[in-house]
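Presented below is the structure to which this report refers.
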Amino acid sequence: MNKLLKALSIASIAHKDQKRKGDGGAPYINHLIEVAYLLSEYAQINDCRVLEAAILHDVLEDTAIQKETLLEEFGQVVLFYIESVTDDKTLSLSERREAQLRHISAASMEVKLIKLADHCSNVASIPPDWDRARVVEYLEWSYQVASKCFVANENLEKIYVSRFAASMKVLESV
């Protein structure tokens, strides 16, 4: 439990100045908490290492936190999960998306769970300033990734499909 709370503390400090693009500019930490909550509540995950990684899943990609710090604080397993869902920001957006699609099929169930919970959160929080083409492109790609993770948990699959459908309905009205 201490490490889980430490993960929340580190994530809240590391992401303190970040806001969600969707969700009306909500603090970024809300997204990380939601991802962990989805795993705990709907996938019934009680492995603290998975929940710690869920909370920290964007820290390497979006903050100054280094992997050595994560290794020291949380161990190799948590670092492995985080690295497995971290995009290489040196690649273009299309290259990052292609890499995710290539890697997620062979990922562990724990990594698929984190990725699916992340997409559940993201698909329900599409930035309002995105144009229709960008939203369609994102939703199509997100579904491709998420569907490769459905095998990890039926309840998260249902949540994703429901949120995806809601986003598509909103898109139809635009």
Side-chain angles (χ1 to χ4, degrees), residues 1-89 96-97 99-100 103-104 107-128 138 142 145-146 148-164 166-167:
M1 183 64 80
N2 280 350
K3 285 196 177 193
L4 187 61
L5 294 173
K6 182 183 271 189
L8 281 167
S9 178
I10 288 172
S12 68
I13 292 166
H15 293 282
K16 73 179 181 336
D17 295 325
Q18 295 174 348
K19 304 282 185 203
R20 288 286 278 166
K21 293 175 188 164
D23 289 341
Y28 197 80
I29 191 71
N30 293 3
H31 164 64
L32 306 172
I33 293 168
E34 180 186 24
V35 171
Y37 172 75
L38 288 167
L39 290 170
S40 175
E41 180 69 18
Y42 298 101
Q44 299 295 301
I45 300 302
N46 57 15
D47 181 342
C48 282
R49 295 173 304 180
V50 173
L51 298 174
E52 291 160 20
I55 291 165
L56 296 165
H57 77 270
D58 282 332
V59 77
L60 289 177
E61 193 173 312
D62 295 339
T63 77
I65 300 289
Q66 299 295 310
K67 67 181 182 177
E68 295 77 18
T69 301
L70 297 174
L71 178 61
E72 183 179 313
E73 296 291 338
F74 300 99
Q76 185 61 48
V77 172
V78 172
L79 176 59
F80 172 77
Y81 296 156
I82 295 167
E83 288 183 315
S84 296
V85 296
T86 297
D87 282 347
D88 178 352
K89 290 284 188 129
R96 290 193 311 263
R97 287 181 173 179
Q100 275 194 45
H103 298 298
I104 200 63
S108 70
M109 284 300 166
E110 294 85 358
V111 169
K112 287 181 181 187
L113 283 165
I114 295 166
K115 183 57 81 175
L116 182 53
D118 182 34
H119 275 263
C120 284
S121 178
N122 289 340
V123 82
S125 180
I126 303 293
Y138 175 78
S142 175
V145 173
K148 292 178 183 288
C149 300
F150 289 166
V151 66
N153 187 271
E154 186 178 336
N155 290 333
L156 283 181
E157 174 185 354
K158 289 176 183 174
I159 290 168
Y160 179 84
V161 168
S162 172
R163 290 178 176 195
F164 178 87
S167 290

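Nothing fancy with the numbering, it's 1 onward along the sequence. Because only heavy atoms are used, hydrogens play no part in the values below, and waters and symmetry mates are left out as well, while side chains stay in.
- The only member of Phe74, Phe80, Tyr81 that meets side-chain contact (heavy atoms from CB on, under 4.5 Å) when paired with Val77 is Tyr81.
- A 4.5 Å side-chain heavy-atom check between Val78 and Leu70 finds every atom pair outside the cut-off.
- Side-chain N or O atoms of Gln66 include one that pairs as donor or acceptor with a backbone N or O of Ala64 at under 3.5 Å.
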Check the pair Leu56 / Ile65 against side-chain contact (heavy atoms from CB on, under 4.5 Å), numbers first and verdict last. CA-CA 10 Å; Leu56 296 165; Ile65 300 289; over 6 Å; no
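- Within 6.0 Å of atom CD in Gln18, more than 12 heavy atoms from other residues, nucleotides or ligands are found, so the atom counts as buried in its surroundings.
- Counting heavy-atom neighbours within 6.0 Å of Lys67 NZ, excluding the residue itself, gives a total of 12 or less.
- Two residues are said to be in side-chain contact when any heavy atoms from C-beta on lie closer than 4.5 Å; His31 and Asp58 meet this criterion.
- More than 12 non-hydrogen atoms from other residues, nucleotides or ligands lie less than 6.0 angstrom from CG of Asp88.
- Two residues are said to be in side-chain contact when any heavy atoms from C-beta on lie closer than 4.5 Å; Ile55 and Val35 fail this criterion.
- At least one donor-acceptor pair closer than 3.5 Å links the side chain of Asn155 to the backbone N or O of Tyr42.
- Gln100 pairs by the side chain to side chain contact (heavy atoms under 4.5 Å, CB included) definition with Asp87, Lys115, His119, Trp141, Val145, not counting sequence neighbours.
- You'll find the side chain of Asn122 reaches within 4.5 Å of the side chain of Tyr138, heavy atoms only.
- With sequence neighbours excluded, the residues satisfying side chain to side chain contact (heavy atoms under 4.5 Å, CB included) with Ile29 are Ala11, Ser12, Pro27, Leu32, Ile33.
- Contact check for Asn153 versus Met109: no side-chain heavy atoms found under the 4.5 Å cut-off.
- Counting only heavy atoms from C-beta outward, the side chains of Lys89 and Asp62 approach each other to under 4.5 Å.
- Using modelled atom types, one side-chain atom of Thr86 and one backbone atom of Ile82 make a donor-acceptor pair closer than 3.5 Å.
- To the nearest 0.5 Å, the span separating OG on Ser125 from CZ on Arg163 amounts to 9.5 Å.
- Thr63 places a side-chain N or O within 3.5 Å of a backbone atom of Val59 that can act as its donor or acceptor partner.
- When only modelled atom types and interatomic distance are considered, Ser121 and Glu34 share a side-chain donor-acceptor pair under 3.5 Å.
- At a threshold of 4.5 Å between non-hydrogen side-chain atoms, the residues Ile104 and Cys149 count as touching.
- Of the possible donor and acceptor atoms, none in the side chain of Lys21 sits under 3.5 Å from a partner among the backbone N and O of Pro128.
- Residues Arg20 and Asn30 are not in side-chain contact: their nearest non-hydrogen atoms beyond the backbone lie 4.5 Å or more apart.
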